[in-house]
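Here's the structure, in C-alpha coordinates; my notes come after.
What you see is a predicted model, and the numbers here were worked out from it, not measured in a lab. Worth knowing before you read on, the calculation uses all heavy atoms, side chains too, and leaves out hydrogens, waters and symmetry mates.
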Amino acid sequence: MPATNDLAFVNPRVVAWALNKGGVSRAMLAETLKVSDEQLTSWETRGAHPPFPKAQLLAKTLRIPFGYLFLPSPPSLDLPLPDFRNFDSNYSPTPNLRELLNDVMVKQDWYRDLMRDQKASKLPFVGSFGLEDDVEEVATDIRETLGLTPKFRGLVRDWADHITKLAKAAEQARILVMRSSVVGNVTRLSVSYKEMQGFAIADNMAPLVFVNSGDFKAPQVFTLAHELAHIWIGQSGIDNPDETKPGKNAVEAFSNRVAAEVLVPEKAFQDEWRDSADGKENVRNLVREFWVSAFVILRRARDLGKIDASEYRTLSTSAAANVTKAKPGGGDYYRNVSVRMGGRFKDAVLGEVNRGTLTYRDGARLVGVKVPALVKMASGDV
(Lines give C-alpha, C1' and ligand atoms only; values in the text may rest on other atoms or scores of the structure.)
Protein backbone atom coordinates (compact mmCIF):
# COMPACT_ATOMS: atom_id res chain seq x y z
CA MET A 1 0.00 0.00 0.00
CA PRO A 2 1.38 3.44 -0.84
CA ALA A 3 1.88 5.90 2.01
CA THR A 4 -0.94 8.38 2.60
CA ASN A 5 1.15 11.28 1.37
CA ASP A 6 1.70 9.41 -1.91
CA LEU A 7 -2.04 9.22 -2.61
CA ALA A 8 -4.07 11.67 -4.70
CA PHE A 9 -7.29 12.49 -2.87
CA VAL A 10 -9.35 12.82 -6.02
CA ASN A 11 -13.13 13.19 -6.15
CA PRO A 12 -14.71 9.82 -7.15
CA ARG A 13 -17.56 11.65 -8.94
CA VAL A 14 -15.07 13.51 -11.11
CA VAL A 15 -13.13 10.32 -11.79
CA ALA A 16 -16.37 8.65 -12.91
CA TRP A 17 -17.15 11.63 -15.14
CA ALA A 18 -13.66 11.50 -16.67
CA LEU A 19 -13.84 7.76 -17.28
CA ASN A 20 -17.24 8.01 -18.95
CA LYS A 21 -16.80 11.13 -21.09
CA GLY A 22 -15.38 9.09 -23.96
CA GLY A 23 -12.25 9.17 -26.05
CA VAL A 24 -10.36 6.31 -24.37
CA SER A 25 -11.69 2.81 -23.70
CA ARG A 26 -11.47 1.41 -20.17
CA ALA A 27 -9.37 -1.51 -21.43
CA MET A 28 -6.83 0.83 -23.03
CA LEU A 29 -6.82 3.06 -19.96
CA ALA A 30 -6.20 0.12 -17.62
CA GLU A 31 -3.37 -1.07 -19.86
CA THR A 32 -1.78 2.39 -19.99
CA LEU A 33 -1.99 2.87 -16.21
CA LYS A 34 -1.01 -0.78 -15.56
CA VAL A 35 -3.97 -1.32 -13.26
CA SER A 36 -6.96 -3.65 -13.30
CA ASP A 37 -10.48 -2.64 -14.27
CA GLU A 38 -11.43 -3.35 -10.66
CA GLN A 39 -8.95 -0.71 -9.48
CA LEU A 40 -10.44 1.83 -11.89
CA THR A 41 -13.89 0.98 -10.53
CA SER A 42 -12.68 1.47 -6.95
CA TRP A 43 -11.46 4.98 -7.78
CA GLU A 44 -14.80 6.02 -9.26
CA THR A 45 -17.33 4.23 -7.03
CA ARG A 46 -15.74 3.27 -3.70
CA GLY A 47 -13.68 6.34 -2.99
CA ALA A 48 -10.32 4.59 -3.18
CA HIS A 49 -7.47 6.99 -3.87
CA PRO A 50 -4.96 6.29 -6.64
CA PRO A 51 -1.22 6.81 -6.14
CA PHE A 52 -0.24 10.33 -7.18
CA PRO A 53 1.69 9.25 -10.31
CA LYS A 54 -1.27 7.11 -11.42
CA ALA A 55 -3.65 10.03 -10.97
CA GLN A 56 -1.36 12.27 -13.04
CA LEU A 57 -1.16 9.65 -15.78
CA LEU A 58 -4.95 9.20 -15.61
CA ALA A 59 -5.48 12.91 -16.29
CA LYS A 60 -2.87 12.96 -19.05
CA THR A 61 -4.35 9.90 -20.79
CA LEU A 62 -7.90 11.25 -20.57
CA ARG A 63 -6.59 14.67 -21.65
CA ILE A 64 -8.06 16.71 -18.84
CA PRO A 65 -6.25 19.17 -16.55
CA PHE A 66 -4.92 17.31 -13.51
CA GLY A 67 -6.65 19.80 -11.22
CA TYR A 68 -10.05 18.70 -12.55
CA LEU A 69 -9.78 15.46 -10.54
CA PHE A 70 -9.95 17.44 -7.29
CA LEU A 71 -12.99 19.57 -8.17
CA PRO A 72 -16.07 19.23 -5.88
CA SER A 73 -18.19 18.26 -8.90
CA PRO A 74 -17.64 17.39 -12.58
CA PRO A 75 -16.91 20.45 -14.74
CA SER A 76 -19.24 21.70 -17.43
CA LEU A 77 -18.46 20.53 -20.95
CA ASP A 78 -19.94 23.64 -22.51
CA LEU A 79 -17.64 25.21 -25.07
CA PRO A 80 -15.91 28.37 -23.80
CA LEU A 81 -17.12 30.49 -26.74
CA PRO A 82 -20.51 30.96 -28.41
CA ASP A 83 -21.02 28.31 -31.08
CA PHE A 84 -22.32 29.51 -34.46
CA ARG A 85 -21.77 26.19 -36.28
CA ASN A 86 -25.05 24.59 -37.23
CA PHE A 87 -24.43 21.01 -36.14
CA ASP A 88 -27.34 18.81 -35.10
CA SER A 89 -28.08 17.79 -31.52
CA ASN A 90 -26.03 14.59 -31.85
CA TYR A 91 -22.79 16.52 -32.29
CA SER A 92 -20.28 16.46 -29.45
CA PRO A 93 -17.03 18.47 -29.65
CA THR A 94 -13.97 16.29 -30.07
CA PRO A 95 -11.38 16.27 -27.24
CA ASN A 96 -8.88 17.81 -29.66
CA LEU A 97 -11.16 20.80 -30.30
CA ARG A 98 -11.73 21.36 -26.59
CA GLU A 99 -8.00 21.17 -25.95
CA LEU A 100 -7.21 23.54 -28.81
CA LEU A 101 -9.72 26.11 -27.56
CA ASN A 102 -8.38 25.92 -24.01
CA ASP A 103 -4.79 26.20 -25.22
CA VAL A 104 -5.51 29.27 -27.36
CA MET A 105 -7.52 30.95 -24.60
CA VAL A 106 -4.64 30.51 -22.13
CA LYS A 107 -2.39 32.28 -24.63
CA GLN A 108 -4.92 35.05 -25.17
CA ASP A 109 -5.30 35.52 -21.39
CA TRP A 110 -1.53 35.85 -21.00
CA TYR A 111 -1.30 38.38 -23.83
CA ARG A 112 -4.21 40.42 -22.42
CA ASP A 113 -2.46 40.60 -19.04
CA LEU A 114 0.74 41.69 -20.79
CA MET A 115 -1.10 44.50 -22.59
CA ARG A 116 -2.58 45.66 -19.29
CA ASP A 117 0.82 45.55 -17.59
CA GLN A 118 2.22 47.66 -20.43
CA LYS A 119 -0.65 50.16 -20.05
CA ALA A 120 -1.75 49.56 -23.63
CA SER A 121 -4.89 51.36 -24.72
CA LYS A 122 -8.13 49.63 -25.59
CA LEU A 123 -8.57 49.07 -29.31
CA PRO A 124 -11.41 51.29 -30.53
CA PHE A 125 -12.43 49.11 -33.48
CA VAL A 126 -13.41 46.09 -31.34
CA GLY A 127 -17.20 46.10 -31.13
CA SER A 128 -17.37 49.47 -32.88
CA PHE A 129 -20.25 48.32 -35.11
CA GLY A 130 -23.38 46.24 -34.75
CA LEU A 131 -25.67 44.14 -36.90
CA GLU A 132 -27.80 47.19 -37.61
CA ASP A 133 -24.92 49.00 -39.32
CA ASP A 134 -24.20 49.20 -43.03
CA VAL A 135 -22.09 46.31 -44.34
CA GLU A 136 -20.05 48.52 -46.64
CA GLU A 137 -19.28 50.93 -43.79
CA VAL A 138 -18.02 48.11 -41.58
CA ALA A 139 -15.93 46.62 -44.39
CA THR A 140 -14.45 50.01 -45.24
CA ASP A 141 -13.39 50.51 -41.62
CA ILE A 142 -11.71 47.10 -41.59
CA ARG A 143 -9.85 47.82 -44.82
CA GLU A 144 -8.73 51.25 -43.63
CA THR A 145 -7.62 49.97 -40.23
CA LEU A 146 -5.61 47.13 -41.78
CA GLY A 147 -4.35 49.07 -44.80
CA LEU A 148 -6.05 46.84 -47.36
CA THR A 149 -5.65 49.19 -50.29
CA PRO A 150 -5.61 48.39 -54.03
CA LYS A 151 -1.81 48.50 -53.73
CA PHE A 152 -1.98 45.80 -51.03
CA ARG A 153 -4.12 43.67 -53.33
CA GLY A 154 -1.72 44.19 -56.22
CA LEU A 155 1.17 42.72 -54.24
CA VAL A 156 -0.64 39.44 -53.51
CA ARG A 157 0.74 36.54 -55.56
CA ASP A 158 -1.63 33.68 -54.72
CA TRP A 159 -4.03 32.42 -52.04
CA ALA A 160 -1.26 31.35 -49.65
CA ASP A 161 0.40 34.74 -50.00
CA HIS A 162 -2.96 36.47 -49.47
CA ILE A 163 -3.65 34.72 -46.14
CA THR A 164 -0.08 35.48 -45.00
CA LYS A 165 -0.26 39.16 -45.91
CA LEU A 166 -3.77 39.55 -44.49
CA ALA A 167 -2.69 37.95 -41.21
CA LYS A 168 0.33 40.26 -41.00
CA ALA A 169 -1.84 43.32 -41.62
CA ALA A 170 -4.19 42.25 -38.81
CA GLU A 171 -1.26 41.64 -36.45
CA GLN A 172 0.08 45.11 -37.16
CA ALA A 173 -3.28 46.40 -35.89
CA ARG A 174 -2.64 44.44 -32.61
CA ILE A 175 -4.91 41.53 -33.43
CA LEU A 176 -3.54 38.12 -32.53
CA VAL A 177 -3.78 35.84 -35.55
CA MET A 178 -3.20 32.10 -35.17
CA ARG A 179 -3.36 29.66 -38.07
CA SER A 180 -3.17 26.00 -37.20
CA SER A 181 -4.96 22.67 -37.36
CA VAL A 182 -3.34 21.09 -34.31
CA VAL A 183 -3.28 21.55 -30.54
CA GLY A 184 -0.23 23.67 -29.74
CA ASN A 185 2.50 22.16 -31.91
CA VAL A 186 1.48 18.53 -31.41
CA THR A 187 0.77 17.35 -34.93
CA ARG A 188 -0.93 14.12 -33.83
CA LEU A 189 -3.63 16.17 -32.07
CA SER A 190 -5.39 17.57 -35.12
CA VAL A 191 -8.74 19.32 -35.54
CA SER A 192 -10.51 18.86 -38.86
CA TYR A 193 -11.66 21.95 -40.73
CA LYS A 194 -14.96 20.12 -41.14
CA GLU A 195 -15.48 20.48 -37.40
CA MET A 196 -14.12 24.01 -37.00
CA GLN A 197 -12.90 26.46 -39.62
CA GLY A 198 -12.22 29.38 -37.31
CA PHE A 199 -13.14 31.38 -34.24
CA ALA A 200 -12.81 34.88 -32.86
CA ILE A 201 -12.35 36.40 -29.41
CA ALA A 202 -13.61 39.98 -29.44
CA ASP A 203 -11.53 41.43 -26.60
CA ASN A 204 -10.71 45.15 -26.79
CA MET A 205 -7.27 44.62 -25.23
CA ALA A 206 -6.27 41.41 -26.98
CA PRO A 207 -8.57 40.48 -29.88
CA LEU A 208 -7.77 37.13 -31.46
CA VAL A 209 -8.75 35.35 -34.65
CA PHE A 210 -8.01 31.71 -35.39
CA VAL A 211 -8.07 30.04 -38.79
CA ASN A 212 -7.91 26.27 -39.32
CA SER A 213 -4.91 25.89 -41.61
CA GLY A 214 -6.00 22.40 -42.62
CA ASP A 215 -8.73 23.91 -44.78
CA PHE A 216 -8.43 24.66 -48.49
CA LYS A 217 -6.26 27.72 -49.10
CA ALA A 218 -8.86 30.03 -50.64
CA PRO A 219 -11.49 29.44 -47.90
CA GLN A 220 -8.85 30.28 -45.29
CA VAL A 221 -8.75 33.80 -46.74
CA PHE A 222 -12.51 34.13 -46.40
CA THR A 223 -12.48 32.65 -42.88
CA LEU A 224 -9.90 35.19 -41.72
CA ALA A 225 -11.97 38.08 -43.12
CA HIS A 226 -15.10 36.56 -41.54
CA GLU A 227 -13.42 36.36 -38.12
CA LEU A 228 -12.27 39.97 -38.45
CA ALA A 229 -15.90 40.93 -38.98
CA HIS A 230 -16.69 39.19 -35.67
CA ILE A 231 -14.10 41.41 -33.97
CA TRP A 232 -15.56 44.59 -35.47
CA ILE A 233 -19.09 43.73 -34.29
CA GLY A 234 -17.89 42.51 -30.88
CA GLN A 235 -19.16 38.94 -31.31
CA SER A 236 -16.86 36.17 -30.08
CA GLY A 237 -17.67 32.76 -31.48
CA ILE A 238 -16.73 29.49 -33.16
CA ASP A 239 -17.92 29.07 -36.72
CA ASN A 240 -17.71 27.41 -40.10
CA PRO A 241 -18.05 30.28 -42.58
CA ASP A 242 -19.66 29.23 -45.84
CA GLU A 243 -18.64 31.19 -48.92
CA THR A 244 -21.56 29.80 -50.90
CA LYS A 245 -24.43 30.64 -48.53
CA PRO A 246 -25.58 33.81 -46.78
CA GLY A 247 -25.51 32.28 -43.27
CA LYS A 248 -28.14 30.66 -41.05
CA ASN A 249 -28.22 33.27 -38.28
CA ALA A 250 -27.91 37.04 -38.14
CA VAL A 251 -24.32 37.15 -36.87
CA GLU A 252 -23.01 34.70 -39.46
CA ALA A 253 -24.98 36.24 -42.32
CA PHE A 254 -23.70 39.72 -41.46
CA SER A 255 -20.09 38.52 -41.02
CA ASN A 256 -20.22 36.70 -44.38
CA ARG A 257 -21.41 39.85 -46.14
CA VAL A 258 -18.76 41.98 -44.46
CA ALA A 259 -16.04 39.46 -45.34
CA ALA A 260 -17.07 39.46 -49.00
CA GLU A 261 -17.05 43.27 -49.11
CA VAL A 262 -13.65 43.43 -47.37
CA LEU A 263 -12.05 41.05 -49.84
CA VAL A 264 -13.96 42.06 -52.97
CA PRO A 265 -15.22 45.64 -52.64
CA GLU A 266 -18.28 46.26 -54.78
CA LYS A 267 -16.77 49.19 -56.67
CA ALA A 268 -13.58 47.28 -57.48
CA PHE A 269 -15.65 44.27 -58.54
CA GLN A 270 -17.78 46.40 -60.87
CA ASP A 271 -14.65 47.95 -62.37
CA GLU A 272 -13.07 44.56 -63.09
CA TRP A 273 -16.15 42.69 -64.36
CA ARG A 274 -16.35 42.61 -68.17
CA ASP A 275 -19.89 42.38 -69.50
CA SER A 276 -18.48 41.35 -72.88
CA ALA A 277 -16.88 38.21 -71.40
CA ASP A 278 -18.72 35.05 -70.38
CA GLY A 279 -19.25 34.16 -66.74
CA LYS A 280 -16.51 31.53 -66.57
CA GLU A 281 -13.88 33.88 -67.99
CA ASN A 282 -14.91 36.66 -65.62
CA VAL A 283 -14.72 34.34 -62.62
CA ARG A 284 -11.30 33.06 -63.67
CA ASN A 285 -9.95 36.61 -64.09
CA LEU A 286 -11.46 37.98 -60.89
CA VAL A 287 -10.23 35.05 -58.77
CA ARG A 288 -6.68 36.06 -59.79
CA GLU A 289 -7.42 39.74 -59.28
CA PHE A 290 -8.71 39.40 -55.72
CA TRP A 291 -7.18 36.03 -54.76
CA VAL A 292 -10.32 34.66 -53.16
CA SER A 293 -12.20 31.49 -54.06
CA ALA A 294 -14.38 31.22 -57.15
CA PHE A 295 -17.34 30.84 -54.78
CA VAL A 296 -16.81 34.34 -53.33
CA ILE A 297 -16.67 35.81 -56.82
CA LEU A 298 -19.79 33.91 -57.84
CA ARG A 299 -21.71 35.11 -54.77
CA ARG A 300 -20.70 38.69 -55.53
CA ALA A 301 -21.68 38.28 -59.19
CA ARG A 302 -25.09 36.88 -58.28
CA ASP A 303 -25.77 39.42 -55.51
CA LEU A 304 -24.79 42.28 -57.82
CA GLY A 305 -26.91 41.01 -60.69
CA LYS A 306 -24.11 39.98 -63.03
CA ILE A 307 -25.30 36.37 -63.34
CA ASP A 308 -28.67 34.71 -62.74
CA ALA A 309 -29.47 31.76 -60.47
CA SER A 310 -29.10 29.20 -63.26
CA GLU A 311 -25.66 30.41 -64.32
CA TYR A 312 -24.65 30.63 -60.66
CA ARG A 313 -25.48 26.94 -60.15
CA THR A 314 -23.66 25.89 -63.31
CA LEU A 315 -20.51 27.85 -62.52
CA SER A 316 -20.55 26.75 -58.86
CA THR A 317 -20.58 23.10 -59.95
CA SER A 318 -17.59 23.78 -62.19
CA ALA A 319 -15.76 25.65 -59.43
CA ALA A 320 -16.25 22.80 -56.96
CA ALA A 321 -14.14 20.55 -59.16
CA ASN A 322 -11.19 22.96 -59.17
CA VAL A 323 -10.43 23.72 -55.54
CA THR A 324 -6.86 23.76 -54.22
CA LYS A 325 -6.22 21.78 -51.05
CA ALA A 326 -3.88 23.15 -48.40
CA LYS A 327 -0.45 21.53 -48.49
CA PRO A 328 0.12 18.90 -45.80
CA GLY A 329 2.23 19.67 -42.78
CA GLY A 330 6.00 19.78 -43.04
CA GLY A 331 8.60 22.36 -43.91
CA ASP A 332 10.62 24.46 -41.50
CA TYR A 333 9.73 23.68 -37.88
CA TYR A 334 10.31 27.20 -36.55
CA ARG A 335 8.34 28.81 -39.36
CA ASN A 336 5.44 26.46 -38.61
CA VAL A 337 5.58 27.44 -34.94
CA SER A 338 5.48 31.12 -35.87
CA VAL A 339 2.44 30.64 -38.11
CA ARG A 340 0.59 28.51 -35.56
CA MET A 341 1.24 30.88 -32.67
CA GLY A 342 1.13 34.05 -34.76
CA GLY A 343 4.06 36.39 -35.09
CA ARG A 344 2.68 38.95 -32.64
CA PHE A 345 2.17 36.42 -29.87
CA LYS A 346 5.48 34.65 -30.46
CA ASP A 347 7.41 37.94 -30.49
CA ALA A 348 5.68 39.06 -27.27
CA VAL A 349 6.72 35.86 -25.49
CA LEU A 350 10.30 36.05 -26.77
CA GLY A 351 10.49 39.71 -25.78
CA GLU A 352 9.48 38.93 -22.19
CA VAL A 353 11.92 36.01 -22.04
CA ASN A 354 14.79 38.19 -23.26
CA ARG A 355 13.86 40.89 -20.73
CA GLY A 356 13.96 38.34 -17.93
CA THR A 357 10.33 38.87 -16.94
CA LEU A 358 9.32 35.39 -18.16
CA THR A 359 11.25 32.18 -17.55
CA TYR A 360 12.35 30.00 -20.43
CA ARG A 361 10.22 27.20 -19.00
CA ASP A 362 7.06 29.32 -18.93
CA GLY A 363 7.85 30.82 -22.31
CA ALA A 364 8.30 27.36 -23.81
CA ARG A 365 4.98 26.27 -22.31
CA LEU A 366 3.19 29.25 -23.85
CA VAL A 367 4.70 28.76 -27.31
CA GLY A 368 4.30 24.99 -27.13
CA VAL A 369 7.94 24.04 -27.69
CA LYS A 370 10.69 22.52 -25.58
CA VAL A 371 13.05 24.81 -23.69
CA PRO A 372 16.06 24.23 -26.03
CA ALA A 373 13.91 25.24 -29.01
CA LEU A 374 12.78 28.39 -27.24
CA VAL A 375 16.38 29.25 -26.31
CA LYS A 376 17.26 28.99 -30.00
CA MET A 377 14.26 31.15 -30.96
CA ALA A 378 15.05 33.78 -28.31
CA SER A 379 18.67 34.01 -29.43
CA GLY A 380 17.62 34.84 -32.98
CA ASP A 381 19.41 31.84 -34.46
CA VAL A 382 16.31 30.75 -36.40
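The side chain to side chain contact (heavy atoms under 4.5 Å, CB included) check on D347 picks up nothing, with sequence neighbours excluded. In this structure, the side chain to side chain donor-acceptor pair (under 3.5 Å) partners of R300, at least two apart in sequence or on a different chain, are E261. Taking the salt bridge (charged side-chain N to carboxylate O under 4.0 Å, His left out) definition, one finds that R274 meets it with nothing, sequence neighbours left out. Qualifying side chain to side chain contact (heavy atoms under 4.5 Å, CB included) partners for D303, counting only residues two or more places apart in sequence or in other chains: R299. Every residue two or more places apart in sequence or in another chain that forms a side chain to side chain donor-acceptor pair (under 3.5 Å) with D83 is listed here: R85. Residues passing the ring-ring contact (aromatic ring centres under 6.0 Å, His included) test with H226 are H230, sequence neighbours excluded. The side chain to side chain contact (heavy atoms under 4.5 Å, CB included) search around S310 returns D308, R313, not counting sequence neighbours. For P82, the side chain to side chain contact (heavy atoms under 4.5 Å, CB included) test picks out F84, S236, with sequence neighbours left out.
Taking CD from E289 and CG from N282, the interatomic distance works out to 12.0 Å, rounded to the nearest 0.5 Å. Distance CG/L374 to NZ/K346: 10.5 Å, rounded to 0.5 Å. Annotation: the span from E272 atom CD to K267 atom NZ amounts to 10.0 Å, rounded to 0.5 Å. Here I201 contributes atom CD1 and L101 contributes atom CG; the two are 8.5 Å apart, rounded to the nearest 0.5 Å. Note that CG of L79 and CG of L97 are 6.0 Å apart. Values are rounded to the nearest 0.5 Å. Rounding to the nearest 0.5 Å places CG of L176 at 7.5 Å from CZ of R344.
E144 contributes no side-chain N or O that, together with a main-chain N or O of D141, makes up a donor-acceptor pair within less than 3.5 Å. One N or O on the side chain of R174 and one on the backbone of M205 form a donor-acceptor pair closer than 3.5 Å. No side-chain donor-acceptor contact under 3.5 Å links D362 to the backbone of L358. Between the side chain of N185 and the backbone N or O of G368, at least one donor-acceptor pair lies under 3.5 Å. With N20 contributing its side chain and A16 its backbone, the two residues share a donor-acceptor pair below 3.5 Å. Looking only at distances, a side-chain donor or acceptor of T357 sits under 3.5 Å from a matching main-chain atom of E352.
Cluster membership for M105 and L189, using ILVMFWY side-chain heavy atoms within less than 4.5 angstrom, is shared. Using a 4.5 Å cut-off between side-chain heavy atoms of Ile, Leu, Val, Met, Phe, Trp and Tyr, with links allowed through other members, V177 and V182 fall into different hydrophobic clusters. Cluster annotation: I163 and V339 are assigned to distinct hydrophobic clusters (Ile/Leu/Val/Met/Phe/Trp/Tyr, side-chain heavy-atom contacts under 4.5 Å, transitive).
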Report task. Step by step, work out the salt bridge (charged side-chain N to carboxylate O under 4.0 Å, His left out) result for E171 and K168. Result -> CA-CA 5 Å; E171 289 188 319; K168 185 175 181 180; over 6 Å; no

Query raised in the report: For E195 and Y91, what are the C-alpha separation, side-chain angles and deciding distance, and is it a side-chain hydrogen bond (donor to acceptor under 3.5 Å, both in side chains)?
Result: CA-CA 10 Å; E195 180 176 24; Y91 166 74; 2.5 Å; yes

Query raised in the report: Checking side-chain hydrogen bond (donor to acceptor under 3.5 Å, both in side chains) for the pair Q197/D215: CA distance, chi angles, key distance, verdict?
Result: CA-CA 7 Å; Q197 287 175 257; D215 198 357; 3.1 Å; yes

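In this structure, L69 and A59 approach most closely via the heavy-atom pair CD1-CB, 4.1 Å. Smallest separation of non-hydrogen atoms from V287 and A294: CG2-CA, 3.6 Å. The shortest non-hydrogen separation linking N11 to P72 is ND2-O, 2.9 Å. Closest of all the heavy-atom pairs between A378 and V353 is CB-CG1, 4.4 Å. In terms of heavy-atom proximity, R179 sits nearest to A167 at NE-CB, 4.0 Å. The minimum heavy-atom distance linking K194 with N240 is given by the pair O-ND2, 3.7 Å.
You'll find the side chain of L58 stays beyond 4.5 Å of the side chain of K54, heavy atoms only. Considering only heavy atoms from C-beta on, W159 stays 4.5 Å or farther from F216 through its side chain. Taking 4.5 Å as the limit, some side-chain heavy atom of F70 sits within range of a side-chain heavy atom of V10.
A 6.0 Å sphere centred on CD of E132 holds more than 12 heavy atoms belonging to other residues, nucleotides or ligands. Within 6.0 Å of CZ on R361 lie no more than 12 heavy atoms contributed by other residues, nucleotides or ligands.
For the side-chain contact (heavy atoms from CB on, under 4.5 Å) test with R143, the passing option among L263, L148, T149, V138 is L148; the others fail.
Aromatic ring pairs are classed by plane angle as parallel below 30°, tilted from 30° to 60° and perpendicular above 60°; the pair F52 and F66 is perpendicular.
Looking at E311 and K306, no side-chain N of the basic residue comes within less than 4.0 Å of a carboxylate O on the acidic one, giving no salt bridge.
Residue pairs meeting the ring-ring contact (aromatic ring centres under 6.0 Å, His included) criterion with at least one partner in residues 338-382, sequence neighbours excluded, are W110-F345. Residue pairs that meet the side chain to side chain donor-acceptor pair (under 3.5 Å) test with at least one member in residues 113-125, sequence neighbours left out, do not exist here. Counting only residues at least two apart or on different chains, the ring-ring contact (aromatic ring centres under 6.0 Å, His included) pairs with a member in residues 257-286 are F269-W273. Applying the ring-ring contact (aromatic ring centres under 6.0 Å, His included) test to residues at least two apart or on different chains, the pairs with a partner in residues 124-155 are F125-W232.
In this model, no donor atom of one side chain and acceptor atom of the other lie less than 3.5 Å apart for N96 and T94. Between T164 and D161, the side chains place no donor N or O within less than 3.5 Å of an acceptor N or O (distance only, hydrogens not considered).
For F295 and F222, the ring centers are positioned 6.0 Å apart or more.
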